[in-house]
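Beneath this line is the structure, given in structure tokens, with notes to follow.
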There are 2 protein chains.
Amino acid sequence: MELTSTEENYLKAIYHLSDGGKKSVSTNDIAAEMKTKAASVSDMLRKLGEKEVIEYRKYYGLQITESGKRFALQTIRKHRLWEVFLVEKLNFAWDEVHEVAEQLEHIHSPLLVQRLDAYLNYPKFDPHGDPIPDEFGDVRARPRVQLNEMDVDQTGQIVAVKDSSAAFLRYLDKVGAYIGARIKVLDKVEFDGSLEILVDQKKTLFMSKDVSCNILVLQS
Amino acid sequence: MELTSTEENYLKAIYHLSDGGKKSVSTNDIAAEMKTKAASVSDMLRKLGEKEVIEYRKYYGLQITESGKRFALQTIRKHRLWEVFLVEKLNFAWDEVHEVAEQLEHIHSPLLVQRLDAYLNYPKFDPHGDPIPDEFGDVRARPRVQLNEMDVDQTGQIVAVKDSSAAFLRYLDKVGAYIGARIKVLDKVEFDGSLEILVDQKKTLFMSKDVSCNILVLQS
DNA sequence: AAATATATTTAGCTATATCTAAATTAATTT
DNA sequence: AAATTAATTTAGATATAGCTAAATATATTT
């Protein structure tokens, strides 16, 4: 069975919102995420239920099925592999890749995915630090904490961001807080939760809590 | 203005069937090429007319406009660049690329096309020997003849094929008549038009007229 | 427990892209 | 020039994906 691009996008949203099937998701949540209306979501849920990628009981809620998880992970895998390709091979900035990867992820060709993966040397993480599921859907997540939860003097490496809007990514690029940067918390202001950070042992940086809670760090 | 994938496909078909706007094309020709019905084509022609990529007078015929040519060439450019990518970077065989390129050509991102072009080192021809239009739509075609039109003792290089069905391409691969192969006509049988060919100065090959008239050669 | 508020679904509409069958126009025969 | 044939278009369906407005079910107050 094949899914349309729209169905793939809904399923991906459901997968993310439910945190991989753990949490429950409401029709309204999906509508907000997909920037559409609840009525349209209801229609789509019925269809996804018929295709058995979710289990759907109206007014009750939904549950992503094993089959649905495989489809979602396959789409996520393709999205992230293309992001690696765009950044590493075509020199895209990491804040320019999302929109294009959003289109490329819907290309249907198992051979293409397999060859792209090999060409990129089987990457485990995308340019935002998010893990790339392997062909069986297995994910090796790195344990990571939000930057704002770290204490003074603790160190680590930026491995991912929560907000991947172009505006946020541009800001990070500007201040030099890229994925892979080694950081140390120099000071923490109790009043507003803002931080003073040392980046790559040379540059100090002041950061609001709004920013720091969107940065994920692998502690060391 | 943006075209849908379907509109892009129709326009590409019209461009090819009209030989770049030179010949006239009928509704039925388009229907055959697009594997659809004449009624659907009529609908689409009206729409393409409204978008001013063709000039359409019903029952009379159509004419591709300058704007339409630009759109068609842009799609052809993307298709052929992706084919180069698939063959050169992802090790696809030249008979495996078409279907995937058919999907990839509809990705909308001027930056992507520009970067891909640079990454591939501004190729002028695709793996089947067809010219790749530049970003302004300019094409540098190579003068070429059908293999069956060559005389005994003439030499040249295979630069393109007319029939690019998977079956034909597989056959060529098997007998070693790849794009770029240097050939010499050793003998020509008047009776059935079949040929004896020397490939790369070592391998001789017998070839029916049906095959040879689908192979294009740059004479030397 | 009834009333109110919120969430969700259904009904009915729009637009795209397809189809078949009928109608119309153009081209060809006789 | 009339009749026939072929090509093309229109009319009226279907399916997807979206919308608004109305209806219905669930949740929360009072």
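A note on names: the letters A, B, ... follow the listed sequences, proteins ahead of strands, and every chain is numbered from 1. All heavy atoms count here, side chains included; hydrogens, waters and symmetry mates do not.
For residues 60-75 of chain A, every residue pair satisfying the salt bridge (charged side-chain N to carboxylate O under 4.0 Å, His left out) rule, not counting sequence neighbours, is listed here: E66(A)-K69(A). For residues 20-29 of chain B, every residue pair satisfying the salt bridge (charged side-chain N to carboxylate O under 4.0 Å, His left out) rule, not counting sequence neighbours, is listed here: D19(B)-K22(B). Pairs of residues two or more places apart, or lying in two chains, that qualify as salt bridge (charged side-chain N to carboxylate O under 4.0 Å, His left out) and include a residue from residues 163-176 of chain A are D95(A)-R170(A).
Remark: C1' of dT9(D) and CG of L45(B) are 10 Å apart, rounded to the nearest angstrom. Between Y60(B) atom OH and dA27(C) atom C1' there is a gap of 12 Å when expressed in whole angstrom units. One atom, CG of L3(B), and another, P of dT16(C), lie 13 Å apart when rounded to the nearest Å. Taking atom CE of residue M44(A) and atom C1' of nucleotide dG18(D), one finds them 10 Å apart after rounding to whole Å.
Contacts between residues 5-21 of chain A and DNA chain C, defined by a heavy-atom separation under 4.0 Å, are absent.
By the side chain to side chain contact (heavy atoms under 4.5 Å, CB included) test, S194(B) pairs with V189(B), D192(B), sequence neighbours left out. The salt bridge (Lys or Arg N to Asp or Glu O under 4.0 Å) check on R77(B) picks up D117(B), with sequence neighbours excluded. For E55(A), there are no side chain to side chain donor-acceptor pair (under 3.5 Å) partners, not counting sequence neighbours. Residues passing the salt bridge (Lys or Arg N to Asp or Glu O under 4.0 Å) test with E88(B), sequence neighbours excluded: none.
Minimum atom distance to the side chain of N28(B) is reached by dT8(D), of the listed dT8(D), dT9(C), dA7(C).
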Report each atom pair, protein N/O against N/O of nucleotides 19-23 of chain C, whose distance is under 3.5 angstrom.
unit_1: dC19(C); atom_1: OP1; unit_2: T36(B); atom_2: OG1; d: 3.4
unit_1: dC19(C); atom_1: OP2; unit_2: T36(B); atom_2: OG1; d: 2.4
unit_1: dC19(C); atom_1: OP2; unit_2: K37(B); atom_2: N; d: 3.3
unit_1: dC19(C); atom_1: OP2; unit_2: S40(B); atom_2: OG; d: 2.6
unit_1: dT20(C); atom_1: OP2; unit_2: K37(B); atom_2: NZ; d: 3.1

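Ring geometry, F85(B) versus Y119(B): the interplanar angle falls from 30° to 60°, so the pair is classed tilted.
Within the 4.0 angstrom heavy-atom criterion, only backbone atoms of the sugar-phosphate kind lie near T27(B); the bases stay farther away.
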